[in-house]
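Here is the structure we will look at.
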Amino acid sequence: MIKRQQQLKRALALLALVVLAFIGLGFRLTDLQVLRHDELAKLAQNNTQREFWQSPRRGNILDIRGNLLATSVEVKTVCADPSLIGNQQAVVARALAPLLRINENELYQKLFPYVSKNEKNETVTNGLHYVRLQKNVPDETWQKVQLTMSQLSFGLDEKKLPKSDRDFLRNLRQSAIFSEPDQLRIYPNGSLAAQALGFATPDEFKVGDHVVSQLSGRDGVELALNSALSGVAGWRVTETDRQQHELVALRGQDVQARDGLNAVLTIDSVIQNIVETALADAMQKHTPISITGIVMRPRTGEILAMATLPNFDPNNPGAVPTDARRNRVISDVMEPGSTFKIVVVSGALNDGVVHLSDSFNCEEGHFAYAGRILHDHEPFGILTTEGIITKSSNIGAAKIGIKLGEDRLYDYVCDFGFGERTGIPLPGEVSGILHPVKDWSKDSIAQIPMGHGVAVTRLQMVMAMCAVANDGWLMRPMLVKRLEDHAGNVVQQYAPQRVRQVVTDSTDKMMIEALKTVVTPDGTAPGAAMKDYVVAGKTGTAQKVENGVYVSGKYAASFLGFFPADDPQICISIVMDEPKEGYYGGQVCGPVFKEIAERCASYLNIPPDENLPQQNSPPPMVAAGISRPMTNAQ
């Protein structure tokens with residue numbers, strides 16, 4: 001009886017232990033399957049599942065003739081899996097450092113997993129399976145890395161090693177160092193058209209435990225067309241084995257990347273080079289702070305060249321100050337000086353307020369108006385309207401402005417596009433400064449016609465001159481011709497856009513006749529005259545304003561012109577900021593215009609003018625008497 005009771009007690013104790021074991025197992029399963037399900041599922045997924053980011057290829061930028069201005073080349077980002085390296089960091093670092101151009105000790109340190117703190121201040125080990133070693137590695141270098149790893153020697157007789165050690169060394173050679181595809185943005189022509197093109201650099205972000213990058217535009221066309229050039233990224237979600245090799249049969253999502261579009265610009269790289277070469281020579285001769293040049297087709301608004309010096313190499317944009325990367329053609333404003341006289345004279349001719357033969361007393365160079373004395377660069381007596389353009393008389397322009405009136409002058413200034421952005425597809429464009437009539441001072445009506453009291457961009461000013469060359473039609477500047485896919489199919493075609501007709505065709509012809517006289521021996525820019533073409537143009541010399549005050553000895557010089565004058569094909573703007581050897585627009589900018597114009601005419605095969613007039617015989621400009629000969633060019 002006692003023995004049976006003992007057996008029963010043992011059986012109950014065993015049952016209790018079994019029940020407790022099952023209860024414990026139940027609690028453990030509940031903890032793993034319910035309470036910690038999300039955490040453990042994520043851990044399991046991280047160990048066996050990977051998401052591969054598929055970066056799209058960034059589109060090319062080409063000039064109007066299909067020459068590459070910017071392109072993307074495939075490179076590798078070389079990475080390591082420290083979990084497969086064991087204690088062989090020194091051997092791997094010694095072999096790869098020369099190929100990857102990394103300091104051996106620095107590479108040695110990278111091959112270890114590193115410990116850090118997470119947002120909960122918990123110690124975590126990062127880089128267990130992924131560490132980046134080097135970016136922008138050419139494919140040929142990566143092939144050398146693979147060959148080096150496959151031949152890596154550890155100074156051991158591997159045949160005598162246990163199978164587990166042999167497997168470890170095999171995995172180290174085959175999988176410890178791997179690569180990911182990447183892109184490097186290349187500008188084959190270096191600094192050519194740098195400010196217009198801008199540059200692109202990689203944006204980096206994490207996908208799982210990997211860091212991926214995608215090129216993004218930072219300035220210029222690269223930024224303005226970033227969405228079209230970038231394309232659309234793809235991705236692939238797949239299962240991996242313990243060596244992180246993809247198990248293709250278990251691949252889940254697989255979305256292919258869509259490459260970016262190619263952008264074809266209106267810029268012609270040959271003309272761009274012509275302009276930049278001429279500007280560089282002028283920069284050396286006159287040592288200005290900066291110099292800009294623009295070449296356009298006035299009838300379409302197509303920009304064939306846009307240059308600013310100093311410039312930079314977009315392959316290495318960080319090597320220069322930010323100031324050198326600024327596109328001064330659209331981002332800087334200045335008082336235009338006498339080039340602005342085309343606005344007031346065109347408006348007055350269009351309204352019938354004046355005619356080319358009308359006479360104005362230019363007061364021998366001193367004219368009192370609204371409590372201020374206006375000056376000419378030399379004393380003039382009686383000049384015709386045409387003569388005011390030829391001689392660039394400030395006083396004559398002021399009197400025409402007074403005759404036109406404040407409201408109509410303001411209307412024409414606006415109609416020529418000043419006070420608003422041109423709409424060029426580039427970042428950083430400013431609208432300039434144009435105050436409404438109610439904010440004008442008493443002498444504004446006399447100051448604005450001579451290019452004082454307003455601030456314009458170089459692009460606004462050349463667009464106004466193009467309007468004069470285009471039967472009075474103001475165009476929107478055109479920099480992008482079309483977008484294409486990589487097969488050459490046109491996705492988006494851009495066409496010239498008219499903004500408005502500012503003056504009539506007949507007015508325009510009168511204005512062109514006046515502008516032809518500027519490059520005659522009696523005009524302000526005889527140095528801009530071409531041998532085989534009649535040129536129409538206008539000089540400008542504006543005293544610079546700093547802190548609201550005109551600064552003595554600091555000038556912005558300019559010349560804007562087009563040819564052939566009666567059938568304009570090309571319009572060119574040259575602007576120098578503070579030239580040191582001479583400062584009149586006709587003197588320093590006129591010859592640069594001529595050099596660019598003659599080379600462009602030859603390159604574009606523009607037919608020369610027939611029956612070229614004798615440029616040594618300027619047309620009559622004075623209505624009464626003969627004005628004094630000029631001693632300086634305005």
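Here the structure is a predicted model, which means the values were calculated and not measured.
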(message) Once salt bridge (Lys or Arg N to Asp or Glu O under 4.0 Å) is applied, what residue pairs with a partner in residues 564-574 remain, sequence neighbours excluded?
(response) Arg299-Asp567, Lys516-Asp566
(request) Evaluate the side-chain proximity of Asn394 to Ser338: yes if any heavy-atom separation is below 4.5 Å, no if none is. (result) yes
(request) Can you establish whether the number of heavy atoms outside Lys285 located under 6.0 Å from its atom NZ is more than 12? (result) no
(request) In plain terms, say whether Glu222 and Arg185 are close enough for a salt bridge, that is, a side-chain N and a carboxylate O under 4.0 Å apart. (result) yes
(message) Minimum heavy-atom separation for Pro526 and Pro521, please, with both atom names.
(response) CB-CA, 4.1 Å
(request) Mark yes when over 12 heavy atoms from residues, nucleotides or ligands other than Glu140 sit less than 6.0 Å from its CD; otherwise mark no. (result) yes
(message) For the CZ atom on Arg101, are there more than 12 heavy atoms of other groups (residues, nucleotides or ligands in this structure) within a distance under 6.0 Å?
(response) no
(request) Identify the heavy atoms of Ala196 and Met306 that sit nearest to each other, and give their distance. (result) CB-SD, 4.5 Å
(request) Compute whether any side-chain donor of one residue and acceptor of the other, for Arg57 and Thr71, lie under 3.5 angstrom apart. (result) yes
(message) Under 4.0 Å between a side-chain nitrogen and a carboxylate oxygen: does that hold for Arg328 and Asp323?
(response) yes
(message) Is the distance between the ring centroids of Phe340 and Phe418 under 6.0 Å?
(response) yes
(request) Compute whether any side-chain donor of one residue and acceptor of the other, for Arg458 and Thr292, lie under 3.5 angstrom apart. (result) yes
(message) For the backbone of Ser431 and the side chain of Gln460, can you confirm whether one donor and one acceptor N or O come within less than 3.5 Å of each other?
(response) yes
(message) Can you see whether Thr504 engages Thr507 through a side-chain donor-acceptor pair at a distance of less than 3.5 angstrom?
(response) yes
(message) We want to know whether Ser392 and Lys538 form a side-chain donor-acceptor pair, criterion being a heavy-atom distance below 3.5 angstrom.
(response) yes
(request) Locate the shortest heavy-atom distance separating Met475 from Met463; write the atom from each residue and the value. (result) O-CE, 3.0 Å
(message) When you compare the side chain of Lys544 with that of Asp577, does any pair of heavy atoms fall below 4.5 Å?
(response) yes
(message) Looking only at the side chains, is there a donor atom on one of Lys509 and Ser506 sitting less than 3.5 Å from an acceptor on the other?
(response) no
(message) For a quick check under 3.5 Å, do Arg58 and Asn262 share a side-chain donor-acceptor pair by atom type?
(response) no
(request) Might you work through the side chain to side chain donor-acceptor pair (under 3.5 Å) test for Thr517 and Glu386, ending with a clear yes or no? (result) CA-CA 8 Å; Thr517 66; Glu386 184 176 287; 5.0 Å; no
(request) Verify whether the ring centers belonging to His452 and Tyr550 lie closer than 6.0 Å. (result) yes
(message) Could you check whether any side-chain heavy atom of Ile606 comes within less than 4.5 Å of a side-chain heavy atom of Tyr533, counting everything from C-beta outward?
(response) yes
(request) Ignoring hydrogens and angles, tell me if any N or O in the side chain of Thr384 forms a donor-acceptor pair with the backbone of Gly387 under 3.5 Å. (result) yes
(message) Looking at Asp203 and Arg218, is there a salt bridge between them, counting it only when a charged N and a carboxylate O are closer than 4.0 Å?
(response) yes
(message) Counting neighbours of CD on Glu581 that are heavy atoms of other residues, nucleotides or ligands and sit closer than 6.0 Å, is the number greater than 12?
(response) no
(message) Just by distance, no angles: are the side chains of Asn136 and Lys76 close enough, under 3.5 Å, to form a donor-acceptor pair?
(response) no
(message) Tell me whether the count of non-hydrogen atoms from other residues, nucleotides or ligands lying under 6.0 Å of CD in Glu74 goes above 12.
(response) no
(message) Do Ser269 and Leu192 make a side-chain contact, defined as non-hydrogen atoms from C-beta onward lying under 4.5 Å apart?
(response) yes
(message) Go through it in stages, so that I can follow the logic: the residues are Leu309 and Ser290, the test is side chain to side chain contact (heavy atoms under 4.5 Å, CB included), and I'd like the CA-CA distance, side-chain angles, deciding distance and then a yes or no.
(response) CA-CA 6 Å; Leu309 296 183; Ser290 68; over 6 Å; no
(message) Under the criterion salt bridge (charged side-chain N to carboxylate O under 4.0 Å, His left out), I'd like the reasoning laid out for Arg325 against Asp219: C-alpha separation, chi angles, the key distance, then a yes or no.
(response) CA-CA 9 Å; Arg325 301 200 300 261; Asp219 206 349; 5.7 Å; no
(request) With salt bridge (charged side-chain N to carboxylate O under 4.0 Å, His left out) as the test, would you mind laying out the steps for Lys391 and Asp376 before giving the verdict? (result) CA-CA 10 Å; Lys391 295 291 189 181; Asp376 271 331; over 6 Å; no
